[in-house]
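Note that the numbering runs from 1 along the sequence shown for the chain.
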Amino acid sequence: MRIPPFKRYRHFTQIVAVFVLGAIVGSVVYNVVFHQSYNLLWLSNLDLESQIKQYELDIKTLKKYRTQQTVIREIKIRNEQQDPPLNPVVEKAIIVQLGKDLSVLRGESVFEIDTYGKVARTLLDQKIYKIREKEYTVEIKTMLVMEGMLQIWVDVHPVPVRNP
């Protein structure tokens, strides 16, 4: 049995190889674009979910304390910018956990914020939060009360890994 010469099919195999490589590269590029857009959508959804939870809690508190003018009705927590910025997912998770810890201040008198501020600082200063198998410390920088809203600025830093 004779085997036909391969020279006759060389051009055809080159075209097929270029087509297959193009399909592979195209699928990789499509996959990268898809995952990038999905990641942005997921981050946006996470941000909107945390805002909804915060707004629902604010609505409950505002309904409960609408007749009292001198109580803390809202708590806003802000993270100060850092040079290597934190992952937005980690930052939002820490702010949610910190909000849960500070929710005891809702409904308290704004005139007694000095005692509550001291308590909050001693309880939460250098507190370690564990998010995604990493530990982060929170340092309260500033607390400001204005018109029933307690605004808190914090610094969040990753805990350095200790070698045993």
Side-chain angles (χ1 to χ4, degrees), residues 25-164:
V25 169
S27 66
V28 167
V29 169
Y30 174 76
N31 199 13
V32 166
V33 169
F34 174 76
H35 282 291
Q36 184 65 25
S37 64
Y38 184 78
N39 191 29
L40 288 174
L41 180 66
W42 182 69
L43 288 174
S44 173
N45 188 22
L46 188 67
D47 185 34
L48 291 174
E49 283 178 356
S50 67
Q51 283 181 0
I52 287 172
K53 287 178 185 174
Q54 181 66 36
Y55 290 152
E56 287 173 350
L57 190 59
D58 288 345
I59 287 170
K60 275 188 204 175
T61 307
L62 289 172
K63 282 181 180 178
K64 188 175 180 181
Y65 299 109
R66 69 177 165 219
T67 58
Q68 299 173 346
Q69 297 296 322
T70 60
V71 297
I72 297 171
R73 293 184 298 257
E74 294 182 58
I75 298 174
K76 300 279 183 195
I77 302 169
R78 301 167 196 256
N79 185 20
E80 292 185 352
Q81 295 295 328
Q82 299 171 352
D83 192 12
L86 281 178
N87 186 349
V89 175
V90 171
E91 182 179 339
K92 288 183 190 349
I94 289 174
I95 287 175
V96 166
Q97 287 184 4
L98 189 60
K100 287 178 185 175
D101 289 344
L102 291 172
S103 66
V104 296
L105 297 178
R106 286 183 190 268
E108 301 298 333
S109 174
V110 294
F111 298 117
E112 298 174 10
I113 192 63
D114 57 342
T115 58
Y116 299 126
K118 290 175 186 174
V119 169
R121 282 186 190 268
T122 56
L123 288 177
L124 298 176
D125 199 33
Q126 300 298 324
K127 183 174 181 180
I128 296 175
Y129 291 96
K130 191 170 185 177
I131 308 290
R132 292 187 168 190
E133 304 301 324
K134 281 188 161 183
E135 294 180 341
Y136 297 90
T137 59
V138 174
E139 181 181 353
I140 297 176
K141 289 294 188 182
T142 307
M143 296 176 77
L144 175 69
V145 178
M146 189 170 71
E147 298 179 7
M149 181 189 310
L150 174 63
Q151 294 187 18
I152 301 172
W153 283 268
V154 296
D155 268 345
V156 178
H157 299 287
V159 175
V161 179
R162 292 176 244 140
N163 290 332

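- Looking at residues two or more places apart in sequence or on another chain, you find a side-chain hydrogen bond (donor to acceptor under 3.5 Å, both in side chains) between K127 and D101.
- Residues satisfying the side-chain hydrogen bond (donor to acceptor under 3.5 Å, both in side chains) criterion with R73, sequence neighbours excluded, are absent altogether.
- Under the salt bridge (charged side-chain N to carboxylate O under 4.0 Å, His left out) criterion, E74 pairs with K76, not counting sequence neighbours.
- For I95, the side chain to side chain contact (heavy atoms under 4.5 Å, CB included) criterion is met by I77, N79, E91, not counting sequence neighbours.
- When the side-chain hydrogen bond (donor to acceptor under 3.5 Å, both in side chains) test is applied to Q97, no partner is found at least two apart in sequence or on another chain.
- The distance from atom CG of D155 to atom NE2 of H157, rounded to the nearest 0.5 Å, is 4.0 Å.
- Here Y129 contributes atom OH and I94 contributes atom CD1; the two are 8.5 Å apart, rounded to the nearest 0.5 Å.
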What donor-acceptor contacts under 3.5 angstrom involve side-chain atoms of residues 147-154, with partners at least two apart or in another chain?
none

Output a table of donor-acceptor pairs, distance under 3.5 Å, between side-chain atoms of residues 39-53 and any protein atom two or more places apart or on a different chain; print 'none' if there are none.
unit_1: S50; atom_1: OG; unit_2: D47; atom_2: O; d: 2.8

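- Taking the side-chain hydrogen bond (donor to acceptor under 3.5 Å, both in side chains) definition, one finds that N87 meets it with nothing, sequence neighbours left out.
- The CG atom of L86 lies 9.5 Å from the NZ atom of K134; values are rounded to the nearest 0.5 Å.
- Shortest non-hydrogen contact noted between E135 and I128 is CB-CG2, 3.7 Å.
- The CD1 atom of I75 lies 9.0 Å from the CG atom of L98; values are rounded to the nearest 0.5 Å.
- Inter-residue side-chain proximity for K130 and V159 is flagged as unmet; no heavy-atom pair is nearer than 4.5 Å.
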